[in-house]
Number of protein chains: 2
Amino acid sequence: MKVRTAPARKRSSGGLPKRGPAPRDDRNGARRGDTTRLAILNAAERCFGEGGFDGVSLRTITEVAGVDLALANYHFGSKDNLLREVIARRARIVHDERIRALEEARRLAGARSPSVEAIVTAFLEPLLRRLINRDQGWQHYASLVSQLDISPKFTVLTGDVLDPTALHFINALRLALPKAAPRAIYWGYMFLLGSMVQVMSATGRIERLSHGVCESDDIASALRELVPFVSGGLRALQTAPR
Amino acid sequence: MKVRTAPARKRSSGGLPKRGPAPRDDRNGARRGDTTRLAILNAAERCFGEGGFDGVSLRTITEVAGVDLALANYHFGSKDNLLREVIARRARIVHDERIRALEEARRLAGARSPSVEAIVTAFLEPLLRRLINRDQGWQHYASLVSQLDISPKFTVLTGDVLDPTALHFINALRLALPKAAPRAIYWGYMFLLGSMVQVMSATGRIERLSHGVCESDDIASALRELVPFVSGGLRALQTAPR
DNA sequence: TACGGATTTCAACATTCAATGAAATATAAT
DNA sequence: ATTATATTTCATTGAATGTTGAAATCCGTA
């Protein structure tokens with residue numbers, strides 16, 4: 001009589017015998033539990049984005065997803081891992097598209113360096129375009145990433161996601177701003193990140209401040225201000241500090 | 001025989017009969033529980049700053065403070081209220097000092113408007129100066145405020161704290177940048193906030209990105225880049241968008 | 001149709017959580 | 001010293017947390 005408890009799942013590495021779906025061999029075969037997986041992923045994205053990682057329980061998430069509580073651990077192993085997969089799903093897409101946009105900007109610029117505006121736009125557009133289109137999944141993702149980006153606890157996680165992209169754009173900015181010190185470029189990139197995060201984490205504060213002149217979810221309008229702001233700010237770094 | 005359970009504490013408003021220290025009538029009389037209160041306040045500040053509000057329990061906080069668990073609720077009523085008091089304690093100081101710095105900038109400028117740099121500096125310095133001095137309490141406070149600023153859950157709380165200050169500086173910026181549209185000013189202020197938050201939430205990412213060229217806790221260096229960046233960005237808003 | 005693995009369900013586990021009640025102690029005023 | 005109040009301690013509440021067995025169900029395949 002077999003024990004039947006551990007279907008030989010091989011987790012990411014060093015796997016202790018745990019349960020969970022078998023590893024995915026071919027990349028297009030849809031499986032039975034995939035709709036469940038997706039439902040949990042989407043619910044987690046929404047809940048994490050609204051309440052933060054620690055502010056939301058797996059019970060709430062699976063309830064929103066309309067599935068049994070135990071399925072979260074079956075499909076994702078742990079709450080931490082669920083967060084990782086929520087992030088990874090969209091981070092890949094943004095990263096690829098940013099790199100492609102940067103290459104396209106380089107192509108258009110020919111032999112010279114792309115303008116600061118072009119570089120900044122290549123960085124901002126891939127994500128913000130989704131928010132302009134009011135894609136709810138992306139909105140929750142943006143809110144979540146913003147929160148993780150600020151929390152010291154999650155530096156490792158967000159670093160793995162954001163840092164590879166960062167280096168490409170920092171190099172591009174270095175070429176576009178030859179007179180700026182390296183230190184200035186690094187901090188400038190952080191400021192770019194911070195300004196973007198402020199746009200993405202639609203907390204509704206700007207409505208109160210502006211008495212309705214601006215709206216948190218009018219990302220298109222925000223982007224029209226954000227690109228010149230960041231570009232002008234980066235250019236100012238060339239001359240200002242001794 | 002009296003019941004002795006409710007020492008007639010009047011809570012902030014509509015008070016149900018709860019326990020807790022009596023209201024403070026005169027403003028200089030130190031009381032017995034004040035050292036406990038302070039210990040909890042400081043421990044909460046540190047823990048919230050490192051782990052986030054939902055990521056830290058009252059147990060951890062009181063343990064760090066070296067006091068009994070029940071004292072947290074005795075002195076602060078609830079975890080939410082503890083957070084509010086942690087914020088309020090330092091927020092008042094920063095607000096007052098920012099307003100004073102702005103008035104000083106106005107005085108120095110005479111009849112004309114202060115420069116954008118002066119306004120931005122008046123906003124940034126009061127808080128960042130404490131971080132430059134490596135004041136640990138302020139460091140934790142800054143990290144905490146940064147996280148709350150991004151979380152949709154805490155918009156009301158951070159709004160009450162930050163918005164009054166904001167309006168003063170938005171008005172000042174409007175005068176300093178007469179050609180900028182109001183919409184641009186409001187967004188510009190948000191970008192200023194975002195860039196500052198990125199400096200305050202020392203997640204250590206910039207070390208990794210720059211391979212040690214920049215350091216998260218070298219706030220003085222960051223400030224030297226931040227002021228020209230934000231000022232240049234704000235100025236760019238005057239001309240750029242149609 | 002029967003087998004076997006993948007998925008789902010159900011019921012718990014052991015902790016941990018914020019909050020409170022009531023008794024004990026400390027402190028100041030009388 | 002006595003009384004009243006402020007503070008601290010201790011024990012416990014009921015609910016919520018992430019995680020895990022073990023059985024039940026589903027479904028493609030032999």
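Every chain is numbered from 1, with letters handed out A, B, ... down the list of sequences.
Note on A:T36: a side-chain N or O is less than 4.0 Å away from OP1 or OP2 of C:dT8. Between D:dA6 and B:H75, no contact under 4.0 Å exists linking OP1 or OP2 to a side-chain N or O. Distances shown here put a side-chain N or O of A:N73 below 4.0 Å from the OP1 or OP2 atom of D:dT19.
Scanning for ring pair (Phe, Tyr, Trp, His ring centres under 6.0 Å) contacts around A:Y189 gives A:F123, with sequence neighbours left out. Qualifying salt bridge (charged side-chain N to carboxylate O under 4.0 Å, His left out) partners for A:D163, counting only residues two or more places apart in sequence or in other chains: B:R205, B:R208. The side-chain hydrogen bond (donor to acceptor under 3.5 Å, both in side chains) test applied to B:R37 returns B:E85, not counting sequence neighbours. With sequence neighbours left out, A:T62 forms a side-chain hydrogen bond (donor to acceptor under 3.5 Å, both in side chains) with no residue at all. Shown here are the side-chain hydrogen bond (donor to acceptor under 3.5 Å, both in side chains) partners of A:T35, two or more places apart in sequence or in another chain: there are none. Partners of A:S201 according to the side-chain hydrogen bond (donor to acceptor under 3.5 Å, both in side chains) rule, which considers only residues two or more places apart in sequence or in another chain, do not exist here. Shown here are the ring pair (Phe, Tyr, Trp, His ring centres under 6.0 Å) partners of A:Y141, two or more places apart in sequence or in another chain: A:W138. The ring pair (Phe, Tyr, Trp, His ring centres under 6.0 Å) test applied to B:F53 returns B:F48, B:F154, not counting sequence neighbours.
For residues 78-100 of chain A, there are no ring-ring contact (aromatic ring centres under 6.0 Å, His included) pairs, not counting sequence neighbours.
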For A:K153 and A:D54: C-alpha separation, side-chain torsions, deciding distance, then whether salt bridge (charged side-chain N to carboxylate O under 4.0 Å, His left out) applies. CA-CA 11 Å; A:K153 279 177 62 176; A:D54 291 311; 2.7 Å; yes

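Between B:T35 and A:K79, it is B:T35 whose nearest contact on DNA chain D lies nearer the 5' terminus.
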Within the sub-3.5 Å range, which N or O atoms of nucleotides 9-16 of chain D have a protein N or O partner, and how far apart are they?
none

Polar atom pairs between nucleotides 26-30 of chain D and protein, under 3.5 Å, N or O only, would you list them?
residue, atom, partner, partner atom, Å
D:dC26, O2, A:R32, NH2, 3.4

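Per the geometry, CZ belonging to A:F76 stands 16 Å off C1' belonging to D:dG18, to the nearest Å. Atom CG in B:N81 sits about 15 Å away from atom P in C:dA18, given to the nearest Å.
For DNA chain D, no neighbouring residue in residues 37-47 of chain B is found when judged by any heavy atom under 4.0 Å.
Side-chain contact, B:S143 with B:S146: no donor N or O sits under 3.5 Å from an acceptor N or O.
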